[in-house]
Amino acid sequence: MPKLTILPNESICPGGVDIEANADESILDAALRNNIVIEHACEKSCACTTCHVIVREGFNSLEEAEENEEDYLDKAWGLEPESRLSCQAKVGNEDLVIEIPKYTINMVSEAH
């Protein structure tokens, strides 16, 4: 079972955390199942960038992003070459190290 290391994020998981993920589970689903609440305004339909994460280690073990995901990633705050939408990136067999960016672009957020 692959391990996901979520790096510290001031508001989501200040101390960081290691969680287990199932192969072929999205990064977002693994996080939510372990009470790491990554924002996902479009309810995992690949229609926004609020679940943007940066895969610091293990990026090459993920399947390539589809064109729709790439189009949305272009709009994400803090985009890096290892950026993915966590609702679309499926965990493979390798461990991952994930950074949740400090900011997200969300025009409508019920939490604010």
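Hydrogens, waters and symmetry mates play no part in the numbers below; they use all other heavy atoms, side chains included.
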For Asp95, all residues meeting salt bridge (Lys or Arg N to Asp or Glu O under 4.0 Å), sequence neighbours excluded: none
Scan residues 45-54 for pairs that pass salt bridge (charged side-chain N to carboxylate O under 4.0 Å, His left out), counting only residues two or more places apart or in two chains. none
Quick note, ring pair (Phe, Tyr, Trp, His ring centres under 6.0 Å) partners involving residues 75-99, not counting sequence neighbours, are Trp77-Tyr103
Partners of Glu69 by side chain to side chain donor-acceptor pair (under 3.5 Å), sequence neighbours excluded? Arg84
Pairs in or reaching into residues 47-62: which pass salt bridge (charged side-chain N to carboxylate O under 4.0 Å, His left out), with residues at least two apart or in two chains? Arg56-Glu80, Arg56-Glu99
Hits for side-chain contact (heavy atoms from CB on, under 4.5 Å) against Glu94, two or more places apart or cross-chain, chain-then-number order -> Ser61
Tracing side-chain links under 4.5 Å among I, L, V, M, F, W and Y, which residues wind up in one group with Leu79? Tyr72, Leu73, Leu85
List the atom pairs, donor and acceptor, that lie under 3.5 Å between side-chain atoms in residues 2-16 and the rest of the protein, sequence neighbours left out.
unit_1: Thr5; atom_1: OG1; unit_2: Asp18; atom_2: OD1; d: 2.7
unit_1: Asn9; atom_1: OD1; unit_2: Ser11; atom_2: N; d: 3.1
unit_1: Asn9; atom_1: OD1; unit_2: Ser11; atom_2: OG; d: 3.3
unit_1: Asn9; atom_1: OD1; unit_2: Ile12; atom_2: N; d: 3.0
unit_1: Asn9; atom_1: ND2; unit_2: Ile100; atom_2: O; d: 2.9
unit_1: Asn9; atom_1: ND2; unit_2: Pro101; atom_2: O; d: 3.4

Apply side-chain contact (heavy atoms from CB on, under 4.5 Å) to Asp71 and list each qualifying residue two or more places apart in sequence or on a separate chain. Glu67
Name all residues meeting the salt bridge (Lys or Arg N to Asp or Glu O under 4.0 Å) criterion together with Glu70; count only those two or more places apart in sequence or in a different chain, and write none if there are none. none
From CD1 (Ile54) to CD (Glu82), nearest 0.5 Å: 8.5 Å
The side-chain contact (heavy atoms from CB on, under 4.5 Å) partners of Ala76 (sequence neighbours excluded) come to Thr49, His52
Those residues that, when tested against Gln88, pass side chain to side chain donor-acceptor pair (under 3.5 Å) (two or more places apart): none
